[in-house]
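Keep in mind the model is a prediction, meaning the values are calculated, not measured.
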Amino acid sequence: MGSATGVLMAARTGNFTPSVKREMPFASFKEAYEEILEQAERGNAFCQYMIGNVYYWGDYLLVEPELAKRFKNVDDYNQFAYPIARDYYERSFRGRIAAGWGNYQNIWKSGLAKDNSELYEHYFLKLAEISPVVCCAYGIYLGQVKKDMKGALDYYIQAAQRGDIQATFNAGCCYDSGSGVEQDVDMAFRFYEVAAIGGEPGAQWQVGYYYFDGWGSVEQDYAKAVHWFKEAYDNPKGGYELKSAAYLAICYQEGLGVVQDYDVAFLYLQEVEDSVDELWNPINAMVLNALGVAYANGLGTEQDIDLGLNYFREAVELGSESAKKNLERLQGIR
């Protein structure tokens with residue numbers, strides 16, 4: 001519809017279809033590119049970012065199709081394109097556009113452009129002041145690379161105050177573990193709760209965990225625990241299905257915060273049955289005991305007493321008193 005920016009964005013999002021090519025009022029992708037390039041050279045920071053993307057993602061081969069014959073593979077192209085992309089990204093950073101930072105990091109890590117750690121730090125810090133996402137990333141960099149957990153927490157809090165959910169969760173983790181600050185589980189919970197409401201799956205799981213056990217000044221509340229474990233389990237970002245399923249299995253089997261439902265409990269148990277070793281004590285012992293209860297009594301599944309006995313024995317080895325009682329009771333019946 002006359003937007004050169006739209007043409008370049010269409011290529012980036014997979015929408016540069018034959019119909020778009022026919023209908024756009026440009027003779028070619030190159031013509032649209034040259035319009036954006038002209039604006040970039042006049043100092044438009046967003047256009048500089050877009051030109052960086054054209055080179056970084058390989059869209060420049062739409063500008064100069066014959067150029068593709070020069071390159072044997074992707075790495076060969078990147079050696080040509082990355083230094084140019086890096087230059088345009090740096091120019092966009094000077095114009096306070098932070099969107100290209102992730103690509104810029106990848107270029108820097110690739111070793112295919114000039115290696116200047118001072119310049120890298122300069123732009124990292126500059127963009128951390130502009131973007132809460134980069135601010136969080138700088139906190140991660142300080143913690144993981146520089147081993148400066150106090151500095152990392154400072155940047156997490158700055159980013160959290162500006163609305164970054166990942167940073168909010170990370171700050172909670174610092175207070176929870178006492179990394180860079182004196183341990184404070186109540187402060188950790190405050191950060192976790194904000195991040196959980198914002199949709200961070202790790203924070204959702206942590207809030208559920210706090211309510212399940214009743215940590216710090218948080219009172220035990222199984223109904224709230226179930227709510228947050230479900231949120232973490234269903235979160236499309238993923239990563240916490242196993243942990244959440246383990247606790248949900250216990251809650252449904254024992255009727256903690258929900259109506260007792262052995263069928264639902266066993267569905268969750270099935271998800272963790274082959275991954276109990278990935279859990280920790282006491283939840284691993286609780287899951288093994290729950291599996292024993294399900295199989296020994298045929299709750300949610302067909303009865304298999306021998307399998308139930310085996311799970312009880314494994315749970316006893318991990319120190320489960322409930323499993324010990326269940327094992328003695330079952331052995332007494334047999």
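- With hydrophobic clusters built from ILVMFWY side chains whose heavy atoms lie under 4.5 angstrom apart, Val226 does not share a cluster with Leu267.
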Quiz item: Stepwise, does the side chain to side chain contact (heavy atoms under 4.5 Å, CB included) test hold for Tyr123 with Gln105?
Solution: CA-CA 10 Å; Tyr123 285 119; Gln105 281 187 305; over 6 Å; no
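- Residues Cys251 and Phe212 have side chains in contact (heavy-atom distance under 4.5 Å, counting atoms from C-beta outward).
- Here Leu299 contributes atom CG and Leu291 contributes atom CG; the two are 12.0 Å apart, rounded to the nearest 0.5 Å.
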Practice problem: Go through the steps for Gln206 and Phe169 under the test side chain to side chain contact (heavy atoms under 4.5 Å, CB included), then give the verdict. | Solution: CA-CA 9 Å; Gln206 287 286 2; Phe169 172 61; 4.2 Å; yes
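- With sequence neighbours excluded, the residues that form a ring-ring contact (aromatic ring centres under 6.0 Å, His included) with Phe124 are Trp101, Tyr120, Tyr138, Tyr141.
- Leu142 is connected to Val145 through a chain of hydrophobic side-chain contacts under 4.5 Å among Ile, Leu, Val, Met, Phe, Trp and Tyr, so both are in one cluster.
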Practice problem: Could you please spell out the steps behind the side chain to side chain contact (heavy atoms under 4.5 Å, CB included) verdict for Leu61 and Leu67? | Solution: CA-CA 7 Å; Leu61 297 180; Leu67 195 63; 4.2 Å; yes
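- A heavy-atom distance below 4.5 Å is found between the side chains of Gln39 and Glu35.
- For the residue pair Asn235/Glu231, the side-chain donor-acceptor check at 3.5 Å is not satisfied.
- Taking the side chain as every heavy atom from C-beta outward, Tyr155 and Leu125 approach each other to under 4.5 Å.
- Under the 4.5 Å side-chain contact rule for hydrophobic residues, Met149 and Val185 do not share a cluster.
- Considering only heavy atoms from C-beta on, Glu90 comes within 4.5 Å of Leu119 through its side chain.
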Quiz item: Taking it one step at a time, do Ser19 and Thr17 satisfy side chain to side chain donor-acceptor pair (under 3.5 Å)?
Solution: CA-CA 5 Å; Ser19 62; Thr17 62; 3.0 Å; yes
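- Looking only at distances, no side-chain donor or acceptor of Gln204 sits under 3.5 Å from a matching main-chain atom of Trp228.
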Identify every side-chain donor-acceptor pair in residues 6-13 under 3.5 Å, counting partners at least two apart or on other chains, and give the distances.
{"unit_1": "Arg12", "atom_1": "NE", "unit_2": "Asp59", "atom_2": "OD2", "d": "2.8"}
{"unit_1": "Arg12", "atom_1": "NH2", "unit_2": "Asp59", "atom_2": "OD1", "d": "3.2"}
{"unit_1": "Arg12", "atom_1": "NH2", "unit_2": "Asp59", "atom_2": "OD2", "d": "3.4"}
{"unit_1": "Thr13", "atom_1": "OG1", "unit_2": "Met9", "atom_2": "O", "d": "2.9"}
{"unit_1": "Thr13", "atom_1": "OG1", "unit_2": "Ala10", "atom_2": "O", "d": "3.4"}
{"unit_1": "Thr13", "atom_1": "OG1", "unit_2": "Asn15", "atom_2": "ND2", "d": "2.8"}

Practice problem: Under the side chain to side chain donor-acceptor pair (under 3.5 Å) rule, what do Asn170 and Gln166 come out as? Steps first, then yes or no, please. | Solution: CA-CA 6 Å; Asn170 291 355; Gln166 182 64 53; 2.9 Å; yes
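- Not counting sequence neighbours, the partners of Glu273 by the side chain to side chain donor-acceptor pair (under 3.5 Å) test are Tyr295, Tyr311.
- A donor-acceptor contact shorter than 3.5 Å is absent between the side chain of Arg313 and the backbone of Leu327.
- Under the 4.5 Å side-chain heavy-atom criterion for ILVMFWY residues, a single connected hydrophobic cluster contains both Ile250 and Tyr240.
- Taking the six-membered ring where the residue is Trp, Tyr247 and Phe229 present parallel rings, their angle staying beneath 30° rather than reaching 60°.
- The 12-atom threshold is not exceeded at CZ of Arg96, counting heavy atoms of other residues, nucleotides or ligands nearer than 6.0 Å.
- Linking Ile, Leu, Val, Met, Phe, Trp and Tyr whenever their side-chain heavy atoms come within less than 4.5 Å leaves Tyr262 and Val272 in two separate clusters.
- A salt bridge links Arg42 with Glu38: the closest approach of a Lys/Arg side-chain nitrogen to an acidic carboxylate oxygen falls below 4.0 angstrom.
- Other members of the cluster containing Ile140 are Tyr156, with ILVMFWY side chains joined at under 4.5 Å, either directly or via other members.
- A distance-only check finds no donor-acceptor pair linking the side chain of Asp213 to the backbone of Trp215 [under 3.5 Å].
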Practice problem: Start with the C-alpha gap between Tyr49 and Phe46, add the side-chain angles, then the distance that decides, and say whether ring-ring contact (aromatic ring centres under 6.0 Å, His included) holds. | Solution: CA-CA 5 Å; Tyr49 155 68; Phe46 185 75; 5.6 Å; yes
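- Atom OH of Tyr222 and atom OH of Tyr211 lie 14.5 Å apart (nearest 0.5 Å).
- For Gln253 (side chain) and Ala290 (main-chain N/O), a donor-acceptor pair under 3.5 Å exists by modelled atom type.
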Name each donor-acceptor pair under 3.5 Å that joins a side chain in residues 188-200 to protein atoms two or more places apart or in another chain, with its distance.
{"unit_1": "Tyr192", "atom_1": "OH", "unit_2": "Asp176", "atom_2": "OD2", "d": "2.9"}
{"unit_1": "Glu200", "atom_1": "OE1", "unit_2": "Gly202", "atom_2": "N", "d": "2.7"}
{"unit_1": "Glu200", "atom_1": "OE1", "unit_2": "Ala203", "atom_2": "N", "d": "2.9"}

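- A donor and an acceptor atom, one from each side chain of Thr5 and Ser3, are nowhere located under 3.5 Å apart.
- Of the possible polar contacts, none joining the Asn326 side chain to the Val293 backbone as a donor-acceptor pair under 3.5 Å is found.
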Exercise. Could you give me the CA-CA distance, side-chain angles and deciding distance for Gln331 and Leu309, then say whether side chain to side chain contact (heavy atoms under 4.5 Å, CB included) is met?
Key: CA-CA 8 Å; Gln331 289 176 329; Leu309 283 168; 4.1 Å; yes
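- One distance of note links CH2 of Trp108 with OG of Ser117; it measures 6.5 Å at 0.5 Å rounding.
- With rounding to the nearest 0.5 Å, the separation of CD in Glu254 from CD in Gln260 is 8.5 Å.
- Listed here is the closest heavy atom pair of Leu242 and Ser275: CD1-CB, 3.8 Å.
- With respect to Glu129 and Lys126, no salt bridge is recorded, no charged nitrogen being found less than 4.0 Å from a carboxylate O.
- A distance of 10.5 Å separates CD1 of Ile165 from SG of Cys136, quoted to the nearest 0.5 Å.
- Going from atom NE2 of His122 over to atom CG of Leu127 covers 8.5 Å, rounded to the nearest 0.5 Å.
- Side chain of Gln183 to backbone of Ser177: no donor-acceptor contact under 3.5 angstrom is found.
- Side-chain N or O atoms of Thr168 include one that pairs as donor or acceptor with a backbone N or O of Asp164 at under 3.5 Å.
- In this structure, the side chains of Val207 and Lys224 stay at 4.5 Å or more apart for every pair of heavy atoms.
- Every ring-ring contact (aromatic ring centres under 6.0 Å, His included) that Tyr56 has, sequence neighbours left out, goes to Tyr82.
- Using a cut-off of 4.0 Å between Lys/Arg side-chain N and Asp/Glu carboxylate O, Arg70 and Glu64 are scored as not salt-bridged.
- Residues Tyr89 and Tyr104 place their aromatic rings such that the two centres sit no closer than 6.0 Å.
- Note on Glu41 versus Arg91: salt bridge recorded, some NZ/NE/NH1/NH2 to OD/OE distance being below 4.0 Å.
- Between Glu321 and Lys325, none of the side-chain N atoms (NZ, or NE/NH1/NH2) sits under 4.0 Å from a carboxylate O, so this pair counts as no salt bridge.
- Annotation: Lys237, atom NZ; neighbour count of heavy atoms from other residues, nucleotides and ligands within 6.0 Å is above 12.
- At least one side-chain heavy atom of Leu269 sits less than 4.5 Å from a side-chain heavy atom of Phe266.
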